[in-house]
Amino acid sequence: MNIIQYQFWSVVTATDIPLNCQIQGGLLLPHPNGIVIHPSASIGPNCLIFQQVTIMADVTIGGHVDIGAGAKIIRSVTIGDHALIGANAVVICDVPPGATAVGIPTKIIEKKNQEV
């Protein structure tokens with residue numbers, strides 16, 4: 001029954017998220033249309049992935065990472081915890097923890113320290 005339900009929602013949302021993906025708990029897909037995740041990709045806990053995102057093979061995504069709509073992660077990279085990937089960004093290099101990656105190809109914007 002679970003396989004039939006999985007196949008139904010894969011067709012309805014036009015997604016390709018294999019059952020054997022390494023996805024930790026708390027993944028949030030507010031608009032799951034067109035999301036493609038390779039089975040060898042690893043996604044940490046409490047991540048947010050918007051529509052039309054493509055994640056290729058051997059990608060490691062840390063916890064609490066937000067990936068904007070249309071982003072493409074097309075190389076074997078590591079994305080650190082609490083990183084932000086901008087909409088339509090094409091990620092071809094590692095993204096350090098807490099940094100923001102934007103553009104085509106991505107440019108890394110370091111997280112600014114906030115003083116109280």
Side-chain angles (χ1 to χ4, degrees):
M1 188 63 182
N2 289 337
I3 300 296
I4 293 170
Q5 188 176 18
Y6 162 77
Q7 290 175 340
F8 172 78
W9 285 112
S10 292
V11 170
V12 168
T13 60
T15 61
D16 185 15
I17 304 173
L19 291 172
N20 60 344
C21 280
Q22 300 171 13
I23 299 174
Q24 296 184 17
L27 178 65
L28 184 58
L29 304 171
H31 303 285
N33 298 349
I35 295 175
V36 177
I37 300 175
H38 192 275
S40 68
S42 174
I43 300 175
N46 301 319
C47 288
L48 172 67
I49 300 176
F50 284 97
Q51 67 271 16
Q52 302 297 323
V53 170
T54 301
I55 301 173
M56 298 302 289
D58 301 321
V59 172
T60 303
I61 299 174
H64 303 277
V65 174
D66 294 350
I67 302 176
K72 310 293 183 235
I73 304 171
I74 58 173
R75 291 205 181 149
S76 179
V77 298
T78 300
I79 299 173
D81 294 340
H82 301 282
L84 302 173
I85 308 298
N88 294 316
V90 178
V91 180
I92 58 173
C93 61
D94 291 344
V95 179
T100 301
V102 295
I104 303 172
T106 56
K107 294 181 182 177
I108 306 299
I109 302 170
E110 297 292 331
K111 183 177 181 181
K112 295 180 181 180
N113 293 331
Q114 297 179 353
E115 295 182 22
V116 178

Legend entry - Between NZ on residue Lys107 and SG on residue Cys93, distance to nearest 0.5 Å: 11.5 Å
Legend entry - Nearest-0.5 Å distance, CD of residue Gln52 to OG1 of residue Thr15: 10.5 Å
Legend entry - OG1-CD1 distance between Thr100 and Ile109, expressed to the nearest 0.5 angstrom: 6.0 Å
Inset, instruction - Of all the heavy-atom pairs spanning Cys47 and Gly62, show the shortest one and how long it is. - result: SG-O, 3.2 Å
Inset, instruction - Return the minimal non-hydrogen interatomic distance between Ala83 and Pro96, and the atom names on each side. - result: CB-O, 4.1 Å
Legend entry - Closest approach of Phe50 to Pro30 (non-hydrogen atoms, all atoms of both residues): CE2-CG, 3.6 Å
Legend entry - Listed once per pair and sorted, the side-chain hydrogen bond (donor to acceptor under 3.5 Å, both in side chains) pairs that draw on residues 20-38, sequence neighbours left out: His38-Ser40
Inset, instruction - With side chain to side chain contact (heavy atoms under 4.5 Å, CB included) as the test, would you mind laying out the steps for Asp81 and His64 before giving the verdict? - result: CA-CA 6 Å; Asp81 294 340; His64 303 277; 5.9 Å; no
Inset, instruction - Share the residues that join Leu19 in a hydrophobic cluster, the rule being Ile, Leu, Val, Met, Phe, Trp or Tyr side chains under 4.5 Å apart at the heavy-atom level. - result: Ile3, Tyr6
Inset, instruction - Nearest 0.5 Å please: distance from the CZ atom of Arg75 over to the OG1 atom of Thr106. - result: 9.5 Å
Legend entry - Residues that, via side-chain heavy atoms closer than 4.5 angstrom, fall in one hydrophobic cluster with Val53: Ile17, Ile23, Leu27, Leu29, Ile35, Ile37, Ile43, Ile49, Ile55, Val59, Ile61, Val65, Ile67, Ile73, Val77, Ile79, Ile85, Val91, Val95, Ile108
